[in-house]
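Scroll down for the structure; my scribbles are underneath it.
Positions are given from 1 along the sequence. The structure displayed is predicted, hence computed values, not measured ones.
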Amino acid sequence: MIFVFGSINLDMVVALPRLPKAGETVSGPDHQTFPGGKGANQALAARRAGAEVSLTGAVGRDAFAELALANLRAAGVDLQGVRVLDGATGLALIGIDPKGENQIIVASGANIRVEADWLEGRVTSGSTLMLQGEAPLREIRKAMGIAGQTGASVFWNPAPVPQDDLMDCLDRTNTLVVNEGEAAYIAGKLGMPGEPDKFARDGAASGRAVIVTLGSRGIVAAKGEGLFRFAAPQVTAVDTTGAGDAFCGALAAALDLGRPFDRALKEGMAAGALACTVTGAQSSAPDKAEIARLADQIV
């Protein structure tokens, strides 16, 4: 069972001829609206990858709330931990260029008022607690403490990376997933080596699994004495917005279902690659059959 504690947003996406520079306005022909938020995205991705998933978070008392929850409800994600608070649902404004690269601005809304105490009595021994970086760090710390008390495994994707000291959070993390830039930033703050393979090895020396995603170059990961490298599957990218969340959701699902670590990495990579071929952070999350077919081709 996977318990996700994180953000729930509505994404407004605009296709642009190019991404704007600072102070510049770039126009697109239209916009599309998709449910999003890293917590919701990863919960849906894990559910589509075959795991039982429960989401704890918050939406506002507005017209965006039900739209933000629609995909999760349809997929069978348990939403009993989602609370409706006065104020606005989180909103993300996303620009996408013809290569699928993006710029994202987030208005946190109700997400900044989530409380880890809502997890009390929900997280169970032997389960997985998934966390990201869009909830307040103090609540992420509390959530990790609850996981430790109940015997749950902590899966942390600190995106965006919190600005505070992270060492105590890393010490409580069983599986850490970061991209190359996030790894370099964390390394600089904590005095760790910044190169992806060295960062992974150094982080794994404390007993956790560390995965660094490298975009179109694949991943490097370390667990125990093992170092793993896989090239990314070749796909035609349309929108990279949901790739990282699809990767995390599928990886967490595979680990929660007891897959070997190397196979779990391949399933995460397959999900992340497939997510690049469809527009929208949640609509792009593939199902377990699609993931398995592509994962079988990764060597």
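Considering CZ of R122 and CZ of F5, their distance stands at 12.0 Å, rounded to 0.5 Å. Separating the CE atom in M269 from the CD1 atom in I291 is a distance of 13.0 Å, to the nearest 0.5 Å. Distance check: T175 OG1 to R208 CZ gives 10.0 Å after rounding to the nearest 0.5 Å. Here the CD-CD distance, from E195 to E180, works out to 10.0 Å after rounding to the nearest 0.5 Å. Here the straight-line distance linking atom NZ of K38 with atom CG of N157 works out to 5.0 Å at 0.5 Å rounding. Here L69 contributes atom CG and L67 contributes atom CG; the two are 9.0 Å apart, rounded to the nearest 0.5 Å.
Looking only at atom types and distance, the side chain of N179 has no donor-acceptor partner in the side chain of T213 under 3.5 Å away. Counting only N and O atoms by type, the side chains of N41 and Q282 include a donor and acceptor under 3.5 Å apart. A donor and an acceptor atom, one from each side chain of D97 and N102, are nowhere located under 3.5 Å apart. Of the N and O atoms on the side chains of D239 and T241, at least one donor lies less than 3.5 Å from an acceptor on the other residue. With hydrogens and angles left out, the side-chain atoms of Q163 and Y185 include a donor and acceptor closer than 3.5 Å. A donor-acceptor contact closer than 3.5 angstrom links the side chains of D78 and S54.
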Handout entry: Step-by-step salt bridge (charged side-chain N to carboxylate O under 4.0 Å, His left out) determination, D117 to K142
Key = CA-CA 8 Å; D117 290 345; K142 289 180 184 177; 5.2 Å; no
Handout entry: Chi angles and distances behind the salt bridge (charged side-chain N to carboxylate O under 4.0 Å, His left out) call for E24, R18
Key = CA-CA 11 Å; E24 182 184 22; R18 57 186 172 79; 2.7 Å; yes
Exercise for the section: Take L16 and S27, measure what side chain to side chain contact (heavy atoms under 4.5 Å, CB included) needs, and give me the verdict at the end. Expected result: CA-CA 6 Å; L16 300 171; S27 296; 5.9 Å; no
Handout entry: Worked verdict on E115 versus R83 for salt bridge (charged side-chain N to carboxylate O under 4.0 Å, His left out)
Key = CA-CA 10 Å; E115 298 180 17; R83 301 199 179 191; over 6 Å; no
Exercise for the section: Start with the C-alpha gap between V4 and T56, add the side-chain angles, then the distance that decides, and say whether side chain to side chain contact (heavy atoms under 4.5 Å, CB included) holds. Expected result: CA-CA 6 Å; V4 181; T56 296; over 6 Å; no
Exercise for the section: Kindly determine whether Q42 and D245 satisfy side chain to side chain donor-acceptor pair (under 3.5 Å), including the steps that lead there. Expected result: CA-CA 5 Å; Q42 293 184 15; D245 292 333; 3.0 Å; yes
Exercise for the section: Mind running side chain to side chain contact (heavy atoms under 4.5 Å, CB included) on F3 and L55 for me, showing each step along the way? Expected result: CA-CA 6 Å; F3 294 89; L55 175 62; over 6 Å; no
Exercise for the section: In sequence, state the C-alpha distance, the side-chain angles, and the governing distance for V26 and L19, and then conclude on side chain to side chain contact (heavy atoms under 4.5 Å, CB included). Expected result: CA-CA 7 Å; V26 177; L19 298 178; over 6 Å; no
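Each of F34 and M12 belongs to its own hydrophobic cluster when Ile, Leu, Val, Met, Phe, Trp and Tyr are linked at side-chain heavy-atom distances under 4.5 angstrom. I219 and F199 end up in different hydrophobic clusters when Ile, Leu, Val, Met, Phe, Trp and Tyr side chains are linked at under 4.5 Å. Hydrophobic clustering (ILVMFWY, side-chain heavy atoms < 4.5 Å, transitive): I2 and F261 are in one cluster. V14 and I96 fall into different hydrophobic clusters, defined by Ile, Leu, Val, Met, Phe, Trp and Tyr side-chain heavy atoms under 4.5 Å apart, directly or through other members.
Between the side chain of R48 and the main chain of A285, a donor-acceptor pair closer than 3.5 Å is present. A donor-acceptor contact shorter than 3.5 Å links the side chain of Q103 to the backbone of P20. Without hydrogens or angle criteria, W156 side chain to Q132 main chain gives a donor-acceptor distance under 3.5 Å. With hydrogens and angles ignored, the 3.5 Å screen pairs no side-chain donor or acceptor of D11 with any backbone N or O of G280.
For the pair D197 and R229, the salt-bridge criterion is met [side-chain N within less than 4.0 Å of a carboxylate O]. Look at K288 and E267 and you find no salt bridge, because none of the NZ, NE, NH1 or NH2 atoms lies under 4.0 Å from a carboxylate O. Salt-bridge check for D287 with R47: failed, with every basic side-chain N at 4.0 Å or more from each acidic carboxylate O.
Counting heavy atoms from C-beta outward, I211 and L265 have side chains that approach closer than 4.5 Å. L79 places a side-chain heavy atom less than 4.5 Å from the side chain of V77. Annotation: side chain of P158 is not in contact with side chain of T173 (no heavy-atom distance under 4.5 Å). Between N174 and F155, every side-chain heavy-atom pair lies at or beyond the 4.5 Å cut-off. In this structure the side chain of N9 reaches within 4.5 angstrom of the side chain of E134, judged on heavy atoms.
More than 12 heavy atoms of other residues, nucleotides or ligands lie within 6.0 Å of NZ in K189, so this atom counts as buried by the packing criterion.
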